[in-house]
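I have placed the structure first, in the form of structure tokens, so that the comments after it can refer back to it.
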Amino acid sequence: PGERFDALLRRARTLASNDLGADARAAVEAVEGLATSDEQRLLALDARLELTMTRYELHESLRLGDQAIAAARALGRPDLELRFAITLSGALCDARRADEAVLLLEPHAPWVRANADIEQQWEYWEASALALDYANRLGDAMPAWDAARAAAQQAGRRDMLWKTMSNTASTQAKMGLVEQAAQLAEQAHQVACATNEAVSMRVLQMQVTLAHRLRDVGRYDRALTLLEEALAGYAANGASNADFALAEQRLVVLYQQLGQPARALHLLAPERPGVPRGVAMIRLAHRAELEAQRGGDGLALMREALQIIPNADDIFHRIATLFATRLVPPDEGEAMAANLALWATTRERHGVALSGHVRAAACALVLGAPARALPHVEAARRLATRYLPDSFYLPELWLVSARTFATLGREPAARRASVEGQAWVRQVHDTHVPPEFRDSFLHRNEVNRDLLALRH
């Protein structure tokens, strides 16, 4: 019986980490039914907790995590207490309570260094890096990622290695190192595919994030393929609404940049109840943008979106304010964007800072204040020498720069900005835009259309 329990526990954990359908639920229920001791019941609870995390059942994860930590402590099992703390930290991050996740994990570091095996060391450093990342301590997260990667390599575990590489790429992207992030995420995807995991839920989720990075550097053809494959995989595996929503939102932005608002709007048509608040917020913000493009009252929807998470220090709120700068009155948008740039700079989110400066300059131009726009343009262009924006269309930088310089009578600078932007658009059009979208990319993407119309 003991060996049977152990085998079914391993099966339940594996399915809980990678499967969202009936097989995973049945496996967890089977091991729960076989548990006869306090320790076995605790191990079964671990499998149940893992399944709630994979399915984004956030409230249940938080409840079970607290319960599991208390039970492990009562049994004198620091190894299991650490395991549950690691899992709970992930749920806290998803609940936008990353500071609590950092505080939960930090006391375990001495035990990890002295007693943990190499795989648990990897799990600990991976969780610590994620918590620091979510807590806007991006620079502090990088040494933790290095420790996790070293542990994965020492363990000889390619599955652990690709996960660390993918997550490290996410931190890089948040810092504005988007090109490097795209390259590392591509490497992670190659490692994952070499492990025969290409159909697992974890790989599909990572594939969606990889597509997000590739989209941000203009590789639309591959990004589109990856997103379509992921959505098909989600449908085949019974993915959660959160998984669908995240993939759809990445594809919405891609379609908007390709000049395909109707396709983007179609993706947002399904209701996705039960998703995390941040995901719901961004989804509604996208609907607001598209409604405004159709001539509707997008501003009302955008203000509704901003109230889903009113906390101005939350990254989802801040990204929503970036979208909102297009729709709110320009004086409000200028203040909002300038504040976003300052907020992002102090948190090492240099790509978001770049985006905020561009939008602040654009609003100032609408208000007839090019002198106020100029410092923002100069700041954005300085940042662009090293960083790229995340979830923001890069050619806006060149369009706003050219308009600002031209308005101030600085024709050579305006010419350089327009030439740089036009070259980027044409190069991406020729090499990375699917043939069926090339015309809309040039003529229905408003930024591209206006940029290509500039003559200096």
Side-chain angles (χ1 to χ4, degrees), residues 11-28 47 50-58 61 90 94 158-167 169-170 173 181-182 184-216 219-255 258 260 263-264 266-276 279-280 282-283 286 391 434 436-437:
R11 180 174 184 273
R13 282 176 171 169
T14 301
L15 283 167
S17 297
N18 296 285
D19 185 271
L20 296 170
D23 286 348
R25 289 194 297 273
V28 171
E50 183 69 30
L51 181 60
T52 65
M53 289 292 295
T54 303
R55 293 185 63 84
Y56 287 103
E57 295 168 349
L58 185 54
S61 298
D94 287 341
R158 290 191 298 180
D159 58 326
M160 297 188 327
L161 180 60
W162 74 253
K163 291 170 186 174
T164 298
M165 293 168 68
S166 177
N167 287 329
S170 292
L184 185 58
E186 277 277 34
Q187 294 169 19
H189 190 255
Q190 292 169 7
V191 173
C193 291
T195 64
N196 296 320
E197 283 197 59
V199 297
S200 79
M201 283 301 303
R202 296 292 189 191
V203 173
L204 289 173
Q205 290 164 345
M206 182 266 282
Q207 185 168 313
V208 168
T209 305
L210 168 59
H212 175 105
R213 308 284 169 241
L214 295 173
R215 180 205 66 208
D216 282 346
R219 292 178 58 189
Y220 295 108
D221 44 2
R222 178 150 165 74
L224 180 60
T225 298
L226 290 172
L227 287 169
E228 289 176 338
E229 287 178 355
L231 284 168
Y234 285 169
N237 288 278
S240 69
N241 273 334
D243 279 315
F244 274 110
L246 284 167
E248 288 163 351
Q249 286 162 207
R250 264 81 182 231
L251 190 51
V252 161
V253 175
L254 187 151
Y255 277 139
L258 290 176
Q260 295 286 326
R263 290 175 184 266
H266 176 73
L267 281 170
L268 296 176
E271 295 297 327
R272 296 294 182 194
V275 301
V279 177
I282 300 303
R283 191 176 185 84
H286 285 320
S391 300
E436 63 269 31
F437 301 128

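Values below: all heavy atoms of this structure, side chains included; hydrogens, waters and symmetry mates excluded.
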Hey, could you give me the [atom1]/[atom2] distance between [X] and [Y], rounded to the nearest 0.5 Å?
{"X": "Arg25", "Y": "Leu51", "atom1": "CZ", "atom2": "CG", "answer": "7.5 Å"}
{"X": "Glu229", "Y": "Gln207", "atom1": "CD", "atom2": "CD", "answer": "5.0 Å"}
{"X": "Thr164", "Y": "Leu184", "atom1": "OG1", "atom2": "CG", "answer": "10.0 Å"}
{"X": "Leu251", "Y": "Arg215", "atom1": "CG", "atom2": "CZ", "answer": "9.5 Å"}
{"X": "Gln249", "Y": "Leu267", "atom1": "CD", "atom2": "CG", "answer": "10.0 Å"}
{"X": "Leu258", "Y": "Asp221", "atom1": "CG", "atom2": "CG", "answer": "9.5 Å"}

Can you list everything that forms a salt bridge (Lys or Arg N to Asp or Glu O under 4.0 Å) with [X]? Sequence neighbours excluded, please.
{"X": "Arg263", "result": "none"}
{"X": "Glu50", "result": "Arg202"}
{"X": "Arg283", "result": "Glu248"}

I'd like to check the ring pair (Phe, Tyr, Trp, His ring centres under 6.0 Å) partners of [X]; sequence neighbours left out, ordered by chain and number.
{"X": "Phe437", "result": "none"}
{"X": "Tyr255", "result": "none"}
{"X": "His212", "result": "none"}

Check [X] against [Y] and note the closest heavy-atom contact, atom names and distance.
{"X": "Ser61", "Y": "Thr52", "answer": "OG-OG1, 2.7 Å"}
{"X": "Ala12", "Y": "Ala27", "answer": "CB-O, 3.7 Å"}
{"X": "Ala182", "Y": "Leu210", "answer": "O-CD1, 4.1 Å"}
{"X": "Ala169", "Y": "Ala181", "answer": "O-CB, 3.1 Å"}
{"X": "Arg158", "Y": "Ala194", "answer": "NH2-O, 3.2 Å"}
{"X": "Pro276", "Y": "Ala242", "answer": "CD-CB, 3.8 Å"}

N/O donor-acceptor pair under 3.5 Å between Asn241 side chain and Pro273 backbone: yes
Audit row: Asn237, Leu204, side chain to side chain contact (heavy atoms under 4.5 Å, CB included) steps and yes/no: CA-CA 10 Å; Asn237 288 278; Leu204 289 173; 4.2 Å; yes
Apply side-chain contact (heavy atoms from CB on, under 4.5 Å) to [X] and list each qualifying residue two or more places apart in sequence or on a separate chain.
{"X": "Leu246", "answer": "Tyr56, Arg250, Val279"}
{"X": "Ser166", "answer": "Ala188, Met206"}
{"X": "Glu436", "answer": "Pro434"}
{"X": "Ala211", "answer": "Ala223, Leu226, Leu227"}

Side chains of Asn167 and Ser170, donor plus acceptor under 3.5 Å: no
Would you say the side chain of [Y] lies within less than 4.5 Å of the side chain of [X], judging by non-hydrogen atoms?
{"X": "Tyr234", "Y": "Met201", "answer": "yes"}
{"X": "His286", "Y": "Ile282", "answer": "yes"}
{"X": "Val203", "Y": "Thr195", "answer": "no"}

Heavy-atom neighbours of Arg11 CZ exceed 12 at 6.0 Å: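 Not more than 12 within 6.0 Å, no.
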Contacts of type side-chain hydrogen bond (donor to acceptor under 3.5 Å, both in side chains), residue Glu186, not counting sequence neighbours: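 Glu186: side-chain hydrogen bond (donor to acceptor under 3.5 Å, both in side chains) contacts with Arg219, Arg222.
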Pair listing, salt bridge (Lys or Arg N to Asp or Glu O under 4.0 Å) test, anchored in residues 204-214, at least two apart: Arg213-Asp390
